[in-house]
Amino acid sequence: MAMAALRREGRRLLLSPIASNPSPAGRSAMLISPEQSAPIGLRSISTQVVRNRMKSVKNIQKITKAMKMVAASKLRAVQVRTENSRGLWQPFTALLGDTPSVDVKKNVIVTITSDKGLCGGINSTSVKVSKSLFKVTSGPEKETKYVILGEKGKVQLIRDSKGSIEMTVTELQKNPVNYTQISVLADDILKNVEFDALRIVFNKFHSVVAFIPTVSTVLSPEVVERESEAGGKLGDLDSYEIEGGETKSEVLQNLAEFQFSCVLYNAALENACSELGARMSAMDSSSRNAGEMLDRLTLSYNRTRQASITTELIEIISGASALTG
């Protein structure tokens, strides 16, 4: 009550010279109160803006922390399955080898990416490796096509390589990846795409904060038989005896199909594990950045509020001094 009386008295003293002015400008100035003046209004608005921004940053920090916890809970289960899947393709590597430098006419680059973002540069890394591999395997008498798994890789590669995309698959990781799902997908790729060499590009999981861009090569049965007869790295196949009524071509056909499904299964799990680890790291960095931004906004809010309180105290003291003086 006393503070309101002081403000009213101070307003009366400030406006009394203007009230004696009979001009229209003086009468209109009498209608303007100090609460409607620009400086006080600007102080109130700036404080409210900072408060709203602090609330937004807090909400974003809650979301990033929740996403980190969800990724951490999923990572452990996927990591165990990934480590177990490595035993599927290793015997094929020992038997058929992995020859990325083999020169063939028809190359198919299978790029594995994620369907969701907010996982750092994991998808951009796969796309960059795929583009570099496309340049290396392209030529006047060669043909190179893309098979893209994942929405993020599709979005990036469709910009400048739309004519080279043979097949796209999305929502692969909508449900937990299993071998039955991958084997059906591998069968579709083998039926719809002509190839001499399949080059699977994925991110191999190394740790929560590190992943290794990797390329695995699966050769067609014809190329495997040709390389075996040429006495290259695959020449050791002739030392194995084939039992049963199947011919060498039929055995190589079955081995190539089984090898591709096993390598693709492991690559999908490795990439999913790398995605979760990268998302954990990205969300942890986002949460820490949000905390630092919140500290700066809190400091700015306190300074603005303190300046407003100091100004109001000065006005009250000045009004009281005018009444007593």
Side-chain angles (χ1 to χ4, degrees), residues 67 71 74 78 100 102-178 181-205 211-220 260-261 263-279 281-283 286:
M67 292 181 67
K74 292 181 179 179
V78 179
V102 64
D103 188 16
V104 295
K105 292 183 178 180
K106 294 182 179 179
N107 292 277
V108 175
I109 302 174
V110 182
T111 306
I112 301 179
T113 59
S114 64
D115 292 314
K116 299 179 181 179
L118 300 177
C119 52
I122 182 171
N123 295 316
S124 300
T125 302
S126 296
V127 171
K128 289 179 181 178
V129 173
S130 300
K131 289 182 178 180
S132 301
L133 195 59
F134 185 88
K135 293 179 181 179
V136 172
T137 56
S138 299
E141 297 181 356
K142 297 179 181 180
E143 183 183 8
T144 305
K145 296 291 185 180
Y146 283 115
V147 174
I148 306 173
L149 308 183
E151 183 66 28
K152 295 301 177 180
K154 174 185 174 183
V155 171
Q156 295 187 43
L157 287 173
I158 205 172
R159 299 172 185 171
D160 53 357
S161 305
K162 185 176 182 180
S164 301
I165 298 176
E166 190 74 15
M167 182 178 177
T168 59
V169 179
T170 57
E171 297 185 358
L172 180 65
Q173 300 175 5
K174 186 176 182 180
N175 298 316
V177 178
N178 55 66
Q181 176 189 6
I182 296 298
S183 61
V184 172
L185 175 60
D187 188 58
D188 291 340
I189 294 175
L190 294 175
K191 287 180 179 179
N192 298 322
V193 179
E194 296 182 359
F195 68 95
D196 292 330
L198 289 164
R199 306 181 187 274
I200 300 96
V201 180
F202 62 97
N203 294 285
K204 186 175 182 179
F205 179 77
F211 54 89
I212 304 172
T214 308
V215 180
S216 295
T217 304
V218 177
L219 302 179
S220 65
F260 178 56
S261 62
V263 172
L264 189 63
Y265 175 62
N266 173 254
L269 286 176
E270 293 276 3
N271 199 81
C273 203
S274 300
E275 176 193 351
L276 292 173
R279 182 170 289 115
S281 178
M283 293 301 102
S286 299

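Keep in mind that the numbers below use all heavy atoms, side chains included, and drop hydrogens, waters and symmetry copies.
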Tell me the closest heavy-atom pair linking Thr125 and Phe211, and the distance in Å. OG1-CE1, 4.2 Å
Mind listing the closest non-hydrogen atom pair of Ser261 and Ser183 along with its distance? CB-CA, 4.4 Å
For a 4.5 angstrom cut-off between non-hydrogen side-chain atoms, does Phe202 reach Ser216? yes
For the CD atom of Glu151 and the NZ atom of Lys116, what is their distance to the nearest 0.5 Å? 12.5 Å
Please evaluate residues Thr113 and Gln156 with respect to the criterion side-chain contact (heavy atoms from CB on, under 4.5 Å), reporting the C-alpha separation (whole Å), side-chain torsions for both, the decisive distance (0.1 Å), and the verdict. CA-CA 10 Å; Thr113 59; Gln156 295 187 43; over 6 Å; no
Where Thr217 and Ala197 come nearest, the two heavy atoms and their spacing: CG2-CB, 4.4 Å
Side-chain heavy-atom pair Leu172, Ile182 within 4.5 angstrom cut-off: yes
I want to check something: taking the side chain as every heavy atom from C-beta on, are Glu166 and Val108 in contact at a cut-off of under 4.5 Å? no
The reported gap from CD1 in Ile109 to OG1 in Thr144 (rounded to nearest 0.5 angstrom) is 6.0 Å
Heavy-atom donor-acceptor pair, Glu143 side chain to Lys106 backbone, under 3.5 Å: no
Please find the pair of heavy atoms, one from Gly150 and one from Thr170, that lie closest to each other, and give the distance. C-CG2, 4.3 Å
Residue pairs fulfilling ring-ring contact (aromatic ring centres under 6.0 Å, His included) with at least one residue in residues 141-169, sequence neighbours excluded: Phe134-Tyr146
Side chain to side chain, Val193 and Lys145, heavy atoms closer than 4.5 Å: no
Minimum side-chain heavy-atom gap Leu149-Leu185 below 4.5 Å: yes
Carefully, step by step, assess Glu270 and Thr214 under the rule side-chain contact (heavy atoms from CB on, under 4.5 Å). CA-CA 10 Å; Glu270 293 276 3; Thr214 308; over 6 Å; no
Apply the test side-chain hydrogen bond (donor to acceptor under 3.5 Å, both in side chains) to residues Asn123 and Ser114: give CA-CA distance (whole Å), side-chain angles for both, the deciding distance (0.1 Å), then the verdict. CA-CA 7 Å; Asn123 295 316; Ser114 64; 2.9 Å; yes
Surrounding CD of Gln181 (heavy atoms of other residues, nucleotides or ligands, distance under 6.0 Å), is the total greater than 12? yes
Any idea which heavy atoms bring Ile158 and Val155 closest together, and the distance? CG2-O, 3.5 Å
Using 0.5 Å steps for rounding, measure from the CG atom of Asn266 to the NZ atom of Lys204. 7.5 Å
If you measure from CD1 on Ile148 to NZ on Lys154, what distance do you get to the nearest 0.5 Å? 8.5 Å
Do Asp115 and Lys174 touch side chain to side chain, with heavy atoms closer than 4.5 Å? no
To check you understand the geometry: which heavy-atom pair defines the closest contact between Val201 and Val129, and what is its length? CG1-CG1, 3.8 Å
Is a side-chain N or O of Arg279 found less than 3.5 angstrom from the main chain of Gly120, in a donor-acceptor match? no
Count the heavy atoms belonging to other residues, nucleotides or ligands that lie under 6.0 Å from NZ of Lys142, then report whether that count exceeds 12. yes
Is there side-chain contact between Lys152 and Val127, with at least one heavy-atom pair below 4.5 Å? no
Would Val102 and Arg199 count as a side-chain contact (heavy atoms from CB on, under 4.5 Å) here? Give the steps. CA-CA 11 Å; Val102 64; Arg199 306 181 187 274; 4.0 Å; yes
Tell me every residue that passes side-chain hydrogen bond (donor to acceptor under 3.5 Å, both in side chains) with Asn203, counting only those two or more places apart in sequence or in another chain. Ser126, Asn271
Value rounded to 0.5 Å, distance of CG in Leu198 from CG in Leu264: 9.5 Å
Residue pair Ile200 / Phe260, side-chain heavy-atom distance below 4.5 Å: yes
Can you tell me how far the CD atom of Glu194 sits from the NZ atom of Lys105, to the nearest 0.5 Å? 13.5 Å
